[in-house]
Amino acid sequence: MRKPDGKIVLLGDMNVGKTSLLQRYMERRFPDTVSTVGGAFYLKQWRSYNISIWDTAGREQFHGLGSMYCRGAAAVILTYDVNNAQSLLELEDRFLGLTDTASADCLFAIVGNKVDLSEEGPGEGGQEGGQGPGLAGGGGCAAPRLPKQVQLEDAVAFYKKILKYKMLDEKEVPAAEQMCFETSAKTGHNVDLLFETLFDMVVPVILQQRAQGPPQTVDITSSRPPARTRSGCCA
Ligand SMILES: Nc1nc2c(ncn2[C@@H]2O[C@H](COP(=O)(O)OP(=O)(O)OP(=O)(O)O)[C@@H](O)[C@H]2O)c(=O)[nH]1
Ligand SMILES: [Mg+2]
């Protein structure tokens with residue numbers, strides 16, 4: 001099998017739906033999940049490129065592994081749950097720092113998942129790729145709706161904070177409105193749009209990485225042991 005040309009990493013707190021988003025996109029279904037241990041990846045062929053997409057564990061005990069998975073990443077998907085404000089705060093407090101090992105040209109997508117559960121979210125009804133985020137209406141949802149705790153503007157504000165943190169010029173990177181998504185792994189809302197927008201955007205990053213030297217991969221042997229992982233509980 002050919003080595004991946006580029007890497008995309010999903011980060012975010014436990015239970016926000018990282019594994020579910022990836023399974024919805026790659027396997028076109030919404031199976032029951034168990035909390036991820038360590039990390040796992042899928043390979044996606046996009047045009048003539050092989051892209052690896054890494055699913056990481058949100059649980060605190062695996063936190064130290066995050067920066068290893070991010071090493072050389074062409075894009076990072078920072079995921080939160082729109083019905084859980086704390087999950088967006090965690091991205092800033094715990095996860096953004098893990099991306100310091102990513103490629104210098106790394107792209108950032110901010111993804112608010114579980115919109116199907118929120119009062120303002122879209123209804124159920126299968127894959128809805130291509131629609132704008134946060135569309136109201138749609139019936140047929142049996143589960144009680146929750147008050148939405150995070151608005152798209154909050155995600156846009158976080159994206160702008162990332163640019164400041166990375167000292168990037170707003171004019172030289174994709175606009176916040178292009179990089180903030182609201183999704184539902186359950187219904188498929190915006191899931192194709194998220195991944196495929198990102199695939200198209202990472203191709204130039206991959207070409208840039210190639211021009212700069214050999215691709216970086218996860219090298220477990222050369223990484224330092226995670227400082228915050230207790231012995232005996234790691235994958
Ligand atoms: N209603 C709804 N439930 C979701 C959605 N995405 C995930 N879930 C549920 O949320 C729970 C957690 O989903 P996971 O995909 O395992 O979450 P995760 O972010 O991978 O969690 P860790 O692996 O622990 O970091 C599961 O019960 C999923 O079925 C969604 O879009 N809508
Ligand atoms: Mg998971």
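Atoms within a ligand are numbered from 1 in the order they appear, just like the ligands themselves. Keep in mind the model is a prediction, meaning the values are calculated, not measured.
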### Message
Ignoring hydrogens and geometry beyond distance, is a side-chain donor-acceptor pair present between T99 and K166 at under 3.5 Å?
### Response
yes
### Summary
Among non-hydrogen protein atoms, atom 3 (N) of ligand 1 lies closest to F30 CZ, 3.8 Å
## Note on the structure
Taking the Mg ion (ligand 2) as the apex, T19 OG1 and T36 OG1 span an angle, rounded to 10°, of 90°
### Task
Considering the heavy atoms of D116, write down every atom of ligand 1 situated less than 4.0 Å from one of them.
1 (N), 2 (C), 30 (C), 31 (O), 32 (N)
## Note on the structure
Going by the 4.0 angstrom heavy-atom rule, the piece of N113 near ligand 1 is side chain
#### Entry: Transitive ILVMFWY side-chain link I162 to M179, under 4.5 Å
yes
### Task
Could you state whether L22 and W46 fall into the same hydrophobic cluster, counting links through intermediate Ile, Leu, Val, Met, Phe, Trp or Tyr residues with side-chain heavy atoms under 4.5 angstrom apart?
yes
#### Entry: the Mg ion (ligand 2) to nearest N/O/S of M14 less than 2.8 Å
no
## Note on the structure
So the atoms of ligand 1 within less than 4.0 Å of a heavy atom of S20 turn out to be 6 (N), 7 (C), 13 (O), 14 (P), 15 (O), 28 (C)
### Message
Checking a contact table here: which protein heavy atom is nearest atom 19 (O) of ligand 1, and how many Å away?
### Response
K18 NZ, 2.7 Å
### Task
For the pair R59 and D13, evaluate salt bridge (charged side-chain N to carboxylate O under 4.0 Å, His left out) and give the outcome as yes or no after the intermediate values.
CA-CA 7 Å; R59 275 151 72 182; D13 207 356; over 6 Å; no
### Task
Check step by step if salt bridge (charged side-chain N to carboxylate O under 4.0 Å, His left out) holds for D5 and R210.
CA-CA 8 Å; D5 299 300; R210 273 191 193 166; 2.9 Å; yes
### Side-chain donor-acceptor pair present, E90, Y80, cut-off under 3.5 Å
no
#### Entry: M14 neighbourhood, listing ligand 1 atoms whose heavy-atom distance to it stays under 4.0 Å
21 (O), 22 (P), 24 (O), 25 (O)
### D81/K148 salt bridge by N-O under 4.0 Å criterion
no
#### Entry: Salt bridge D116-R145, side-chain N to carboxylate O under 4.0 Å
no
### Message
Would you say V191 ends up clustered with I8 if hydrophobic residues are merged whenever their side chains have heavy atoms under 4.5 Å apart, either directly or through other cluster members?
### Response
yes
### Query
So, is A57 polar-close to ligand 1, with some N/O to N/O distance under 3.5 Å?
no
### Task
Considering the heavy atoms of L117, write down every atom of ligand 1 situated less than 4.0 Å from one of them.
1 (N)
## Note on the structure
Nearest non-hydrogen protein atom to atom 21 (O) of ligand 1, with distance, is N15 N, 2.9 Å
### Summary
The protein heavy atom nearest to atom 10 (O) of ligand 1 is K114 NZ, 3.0 Å
### Message
When you measure from the heavy atoms of G12 to every atom of ligand 1, does any distance fall below 4.0 Å?
### Response
no
### For ligand 1, the portion of T33 having any non-hydrogen atom under 4.0 Å away
side chain
### Query
What protein heavy atom sits nearest atom 31 (O) of ligand 1, and how far off is it?
A185 N, 2.8 Å
### Query
T36 and T19: side-chain donor and acceptor closer than 3.5 Å?
yes
### Under 2.8 Å: N/O/S of S35 next to the Mg ion (ligand 2)
no
### Query
Below 3.5 angstrom, do we get any N/O pair linking G17 and ligand 1?
yes
### Task
Among all protein heavy atoms, pick the one closest to atom 24 (O) of ligand 1 and tell me residue, atom and distance.
S35 OG, 2.5 Å
### Query
Taking atom types as modelled, is there a side-chain donor on Y25 or E196 under 3.5 Å from an acceptor on the other?
yes
#### Entry: Subset of ligand 1 atoms that lie under 4.0 Å from at least one heavy atom of T36
22 (P), 23 (O), 24 (O)
### Task
Would you name the heavy atoms of Y69 and G39 that are closest together and state the gap between them?
OH-N, 3.3 Å
### Task
Using distance alone, decide if ligand 1 has a nitrogen or oxygen within less than 3.5 Å of any nitrogen or oxygen in T19.
yes
